[in-house]
Trainee: 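Right, I'll just put the structure down here and ask away after.
Residue numbers begin at 1 in each chain, while the letters A, B, ... track the order of the sequences.
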Amino acid sequence: MNRLNAHFYQQDAVTVAEKLLGKILIRVFDDGTTKRYRITETEAYLGEEDKACHASKGRTARTDIMYSDGGKIYVYLIYGMYWMLNVVTGTENHPQAVLIRGISRIIGSGKVGRELKIDKSFYGEDLLSSDRIWIEDAPDESDFSTALRIGIDYAGEEWRDKAWRFILKQEQNQAK
DNA sequence: CCAGTGATCAGG
DNA sequence: CTGATCACTGGA
């Protein structure tokens, strides 16, 4: 299978979030072992207008990477414990990203970061050229559901109510 | 229900 | 510098 290319990541976050379902995430760990995971749950964060998106605060040291061309990794630490793994999408100066919420049988953004041993060194990592993390193509999935994004009640009606969470049906049944 | 845990950002 | 907040999880 081939790596997803720049064109794929340059699409808007909502499109990429949906299309990432079923794609294969590869991680080569420091000890040399390689693991492959299927992406099963994602969430889109789109632009400075999106009050739920970190870029709604404008361009800061933390959000800077979201302003770059799609295909980079955006990571941040939440609650002092969990590294959230995001894929930057869109084109330059259009800040947006897709949060990876579930891979294979690991459901939950915090657990994903833990499983993949993500840390600050992944900030800005290039999915097109990295030798320790990338995503490979797979057929588009159509059997998925959408839902409201989690943990963003502060965002206000307009953005809180966007069904920008995408869940592979199959995995939903497997969960719990 | 709620505590843990620390980077980040706005405000002095 | 300070302090509030946080795209979460796991254990009462």
Trainee: Sort out the partner of C:dG11 for me: Watson-Crick or G-U wobble, both distances under 3.5 Å, none otherwise.
Mentor: B:dC1
Trainee: What residues form a side-chain contact (heavy atoms from CB on, under 4.5 Å) with A:Glu158, not counting sequence neighbours?
Mentor: none
Trainee: Salt bridge between A:Lys23 and A:Asp140, side-chain N to carboxylate O under 4.0 Å?
Mentor: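 Yes, A:Lys23 and A:Asp140 are salt-bridged.
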Trainee: Can you check whether A:Lys57 has a side-chain N or O nearer than 4.0 Å to OP1 or OP2 of B:dT8?
Mentor: no
Trainee: Taking atom types as they are modelled, is there a donor-acceptor pair under 3.5 Å from the base of C:dA7 to the side chain of A:Tyr76?
Mentor: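 Yes, a donor-acceptor pair under 3.5 Å.
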Trainee: Does the structure show a Watson-Crick or G-U wobble partner for B:dC9, both distances under 3.5 Å? Name it, or say none.
Mentor: C:dG3
Trainee: From C:dA7, B:dG6, B:dT8, pick the nucleotide closest to the side chain of A:Leu99?
Mentor: C:dA7
Trainee: Please report, rounded to the nearest Å, how far the P atom of C:dA7 is from the CD1 atom of A:Ile65.
Mentor: 19 Å
Trainee: Provide, to the nearest angstrom, the distance between the CD atom belonging to A:Glu43 and the P atom belonging to C:dA7.
Mentor: 11 Å
Trainee: For A:Leu148 and A:Arg160, work out which heavy atoms get closest and say how close.
Mentor: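 The pair with the smallest heavy-atom distance is CD2-O, 3.8 Å.
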Trainee: Rounded to the nearest angstrom, tell me the gap between atom CG in A:Asp64 and atom P in B:dC9.
Mentor: 10 Å
Trainee: Side chains of A:Gln96 and A:Tyr74: any donor to acceptor distance under 3.5 Å?
Mentor: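 The criterion, which ignores hydrogens and geometry beyond distance, is not satisfied for A:Gln96 and A:Tyr74.
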Trainee: I need the CD-C1' distance between A:Glu115 and C:dT9, as an integer number of Å.
Mentor: 16 Å
Trainee: Specify the separation, in whole Å, of atom CZ of A:Arg101 and atom C1' of C:dC8.
Mentor: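 Interatomic distance, CZ of A:Arg101 to C1' of C:dC8: 9 Å.
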Trainee: Would one find a side-chain N or O of A:Ser109 under 4.0 angstrom from OP1 or OP2 of C:dA7?
Mentor: no
Trainee: Would you kindly give the CZ-to-P distance between A:Arg114 and C:dC8, to the nearest whole Å?
Mentor: 14 Å
Trainee: With a 4.0 Å cut-off on heavy atoms, is A:Arg62 in touch with a base, just the backbone sugar-phosphate, or nothing at all?
Mentor: sugar-phosphate
Trainee: Nearest of B:dG6, C:dG10, C:dA7 to any side-chain atom of A:Leu77?
Mentor: B:dG6
Trainee: Rounded to the Å, how far apart are A:Asp119 CG and B:dG6 P?
Mentor: 15 Å
Trainee: I'd like to know if A:Lys117 and A:Asp31 make a salt bridge, using a cut-off of under 4.0 Å between side-chain N and carboxylate O.
Mentor: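 Between A:Asp31 and A:Lys117 there is no salt bridge, as every charged N stays at least 4.0 Å from the carboxylate O atoms.
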Trainee: Ignoring backbone atoms, test whether A:Lys120 places a side-chain nitrogen or oxygen under 4.0 Å from the OP1 or OP2 oxygen of B:dT8.
Mentor: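 True: A:Lys120 side-chain N/O within range (under 4.0 Å) of B:dT8 OP1/OP2.
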Trainee: Which pair of non-hydrogen atoms, one from A:Met84 and one from A:Leu99, has the smallest distance, and what is that distance?
Mentor: CB-CD1, 4.0 Å
Trainee: What is the separation between atom NE2 on A:His54 and atom P on B:dA7, rounded to the nearest whole Å?
Mentor: 16 Å
Trainee: If you take any heavy atom closer than 4.0 Å to DNA chain B, which residues from residues 79-98 of chain A end up in contact?
Mentor: A:Tyr79, A:Gly80, A:Met81, A:Tyr82
Trainee: Going by an N to O cut-off under 4.0 Å, is there a salt bridge joining A:Arg101 and A:Glu43?
Mentor: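 Yes, A:Arg101 and A:Glu43 are salt-bridged.
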